[in-house]
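Below you'll find the structure, written out as structure tokens, and then a few comments.
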Amino acid sequence: MLTLKAITENTEEILRKLAVKHFDGKEIIGKIIDLNVQRRTSQSALDANLATINTLSKSIGQLIKEGKKEEAEALRTQVAETKENNKYLEASMKGAEEEMQNLLVLIPNTPHESVPLGRHAEDNVTERTGGIIPALSEDALPHWDLAKKYDLIDFELGVKITGAGFPVYKGKGARLQRALINFFLDCAREQGYLEIEPPYMVNAASGYGTGQLPDKEGQMYHDAGDDYYLIPTAEVPVTNIYRDVILEEKELPIKNTAYSACFRREAGSYGKDVRGLNRLHQFNKVEIVRIDTPEHSYESLEEMVNYVQSLVDKLELPWRILRLCGGDMSFTSALTFDFEVFSAAQKRWLEVSSVSNFESYQANRLKCRYRDVNKKTQLCHTLNGSALALPRIVAALLENNQTAEGIRIPKALIPYTGFDIID
RNA sequence: GGAGAGAUGCUCGAGUGGCUGAAGAGGCACGCCUGGAAAGCGUGUAAACGACUAAAUCGUUUCGCGGGUUCGAAUCCCGCUUUCUCCGCCA
């Protein structure tokens, strides 16, 4: 969430920036500012009362020691009176605080200056493109047919075991998953990312930390028995490593990578767009996470984008990078680049990665701070990106590389798969 | 799952109702000493919120978390979380 300081000190600027995300914050920010005043006045009064009580209490102890019982008794009543008033002040302070907090989480992050104006996906700006879109024959098959033909992925079997959106990978299909995961992790490690294997379930505090809760509750699977959530991405457990942590500036930037299975309910999405591997309830993904100083975070973002580009290049897939417009960006992001690869049989672009700088928005909720050279604690900037999500990569690989002899495996991947063709 | 014992600052560790935001030790930082280092000496070493902004200063809160008792709680009581030991179960 945004910091109170920013909201109260740069109100106009914040409002202007929020408008780029088509968010009208005037009313809500007005309320927050009012509540903040209420909170502060209540606290000042309460603090003064508590200070009085503390002093009186010390005197009482002293008087009792000296045997002055009546005087002590008098002070005791005085304390009791002061405390009556405290109940009200405390309620006012806590009430304002809580209400303010509830409003604060409703405000999205402010977009970076470079975010293009626009409402929809069509308004996103293509940064650059690469790779070659293959010319497939007329009878080229979409990946769900290829998966069946070579017995790589069984969607119906997943339905039997669990439900729609939980595919079963088999044979070379399963090995391809394992190969891609290892390939992505190795590449990340070579770039200096520390490999993490996180829990796949998180508690509510972690969900709040990265912003899945309270608003996106319905998108996560929830175990009511223990009140745990299945992670929608490794970003959640990995970023929460740094919740309530004060780092030293020399530790930054922190670079972590993690593979995890990801679970998403995505209720109510059916039809052609979600066919096959296009959208799943469970899928594999390797994530990269960075924690950085505000001064360096955009440099980090660029580095991450270049890194993800190197991955799709190695996989020999046609790609494009989009700079998301204000209307298409996520709630928490300040600047996002989406990677799409072209799936040549479906003849459509598929999103395979989203690389974002959240600036201090997540860090403020997480209380992830660092001590700068002047020993002042400041909020870190957090960034993350998929590197990469597997299903749509697999869709594009299968479709784009289909030949009469079988499906060709890109060179960089062969050491990981142990085979160079699926036939 | 059952029984017992713990949880104190960066770390270890003292502390059973007021003089304890917290002894002592270690670590770390800075300074002195040194040709340089070690040793030694000295100083410092939490966060959040508030008091007009920053610095300084002051106030409040925080000894796992949440409640309670009391004029006053690290210290007493209750609930929860978590760690260790033993038993049970188990990949």
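Naming convention: chains lettered A, B, ... in sequence-line order (proteins, then strands); numbering from 1 in each chain. Worth knowing before you read on, the calculation uses all heavy atoms, side chains too, and leaves out hydrogens, waters and symmetry mates.
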Which base, if any, makes a Watson-Crick or G-U wobble pair with [N], both distances under 3.5 Å?
N: B/U45; value: B/G27
N: B/U81; value: B/A7
N: B/U70; value: none
N: B/C58; value: B/G50
N: B/C89; value: none

So, [X] and [Y]: side-chain donor and acceptor under 3.5 Å apart, yes or no?
X: A/Asn357; Y: A/Ser297; value: yes
X: A/Gln212; Y: A/Gln219; value: no
X: A/Asn256; Y: A/Tyr193; value: no
X: A/Asn203; Y: A/Ser206; value: yes

Query raised in the report: 5'-most contact on RNA chain B: A/Arg76 or A/Lys5, nearest heavy atom basis?
Result: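 It is A/Lys5, whose closest nucleotide lies nearer the 5' terminus.
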What's the [atom1]-[atom2] distance between [X] and [N], to the nearest Å?
X: A/Arg371; N: B/C28; atom1: CZ; atom2: P; answer: 16 Å
X: A/Glu248; N: B/U45; atom1: CD; atom2: C1'; answer: 12 Å
X: A/Arg369; N: B/C49; atom1: CZ; atom2: P; answer: 8 Å
X: A/Leu104; N: B/C49; atom1: CG; atom2: P; answer: 13 Å
X: A/Gln378; N: B/A47; atom1: CD; atom2: P; answer: 13 Å
X: A/Leu75; N: B/U70; atom1: CG; atom2: P; answer: 18 Å
X: A/Leu4; N: B/G50; atom1: CG; atom2: C1'; answer: 13 Å
X: A/Lys376; N: B/A54; atom1: NZ; atom2: P; answer: 8 Å

Can you find a side chain N or O atom of [X] that sits less than 4.0 Å from OP1 or OP2 on [N]?
X: A/Thr377; N: B/A48; answer: yes
X: A/Lys83; N: B/G72; answer: yes
X: A/Arg39; N: B/G50; answer: yes

Query raised in the report: Under 4.0 angstrom, heavy atoms only, what part of the nucleic acid is A/Lys367 near: base, sugar-phosphate, or nothing?
Result: nothing
Requested in this report: For the pair A/Arg290 and A/Glu235, evaluate salt bridge (Lys or Arg N to Asp or Glu O under 4.0 Å) and give the outcome as yes or no after the intermediate values.
Outcome: CA-CA 10 Å; A/Arg290 287 178 79 136; A/Glu235 167 201 340; over 6 Å; no
[atom1] atoms of [N] and [M], separation to the nearest Å:
N: B/G21; M: B/G59; atom1: C1'; result: 14 Å
N: B/G26; M: B/U34; atom1: C1'; result: 25 Å
N: B/G72; M: B/G79; atom1: P; result: 23 Å
N: B/C58; M: B/A39; atom1: P; result: 35 Å
N: B/A37; M: B/C19; atom1: C1'; result: 44 Å
N: B/U62; M: B/A22; atom1: P; result: 14 Å
N: B/U20; M: B/A74; atom1: C1'; result: 9 Å
N: B/G9; M: B/G64; atom1: C1'; result: 14 Å

Any ion pair linking [Y] and [X] (charged N to carboxylate O, less than 4.0 Å)?
X: A/Asp186; Y: A/Arg189; answer: yes
X: A/Arg408; Y: A/Glu316; answer: yes
X: A/Lys94; Y: A/Glu90; answer: yes
X: A/Glu66; Y: A/Lys68; answer: yes

What are the atom names and distances for every N/O pair under 3.5 Å that joins the protein to nucleotides 73-81 of chain B?
none

Query raised in the report: Any chance the rings of A/Tyr298 and A/His112 have centres within less than 6.0 Å?
Result: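 When the ring centroids of A/Tyr298 and A/His112 are compared, they turn out to be within the sub-6.0 Å range.
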Query raised in the report: Would A/Lys172 count as a cation-pi partner of A/Tyr150, with NZ or CZ less than 6.0 Å from the six-membered ring centre and within 45° of the ring normal?
Result: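 Cation-pi check for A/Lys172 and A/Tyr150: fails.
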Any N/O pairs under 3.5 Å between the protein and nucleotides 17-21 of chain B? List them or say none.
from	atom 1	to	atom 2	distance (Å)
B/G18	N2	A/Ser57	O	2.6

Report task. Show your reasoning for whether salt bridge (Lys or Arg N to Asp or Glu O under 4.0 Å) applies to A/Lys17 and A/Glu13. Result -> CA-CA 6 Å; A/Lys17 285 182 173 174; A/Glu13 190 191 341; 3.2 Å; yes
Report task. Using atom types as modelled and distance alone, determine if a side-chain donor or acceptor of A/Thr417 lies under 3.5 Å from a backbone N or O of A/Ile414. Result ->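 Confirmed, A/Thr417 side chain pairs with A/Ile414 backbone.
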Collect all protein-nucleotide pairs involving nucleotides 58-65 of chain B in which both atoms are nitrogen or oxygen and the distance is under 3.5 Å.
from	atom 1	to	atom 2	distance (Å)
B/G59	N2	A/Asp47	OD2	2.8
B/U60	OP1	A/Asn54	ND2	3.1
B/U60	O2'	A/Asp47	OD1	3.2

Requested in this report: Please say whether more than 12 non-hydrogen atoms of neighbouring residues, nucleotides or ligands are located less than 6.0 Å from CD in A/Glu295.
Outcome: yes
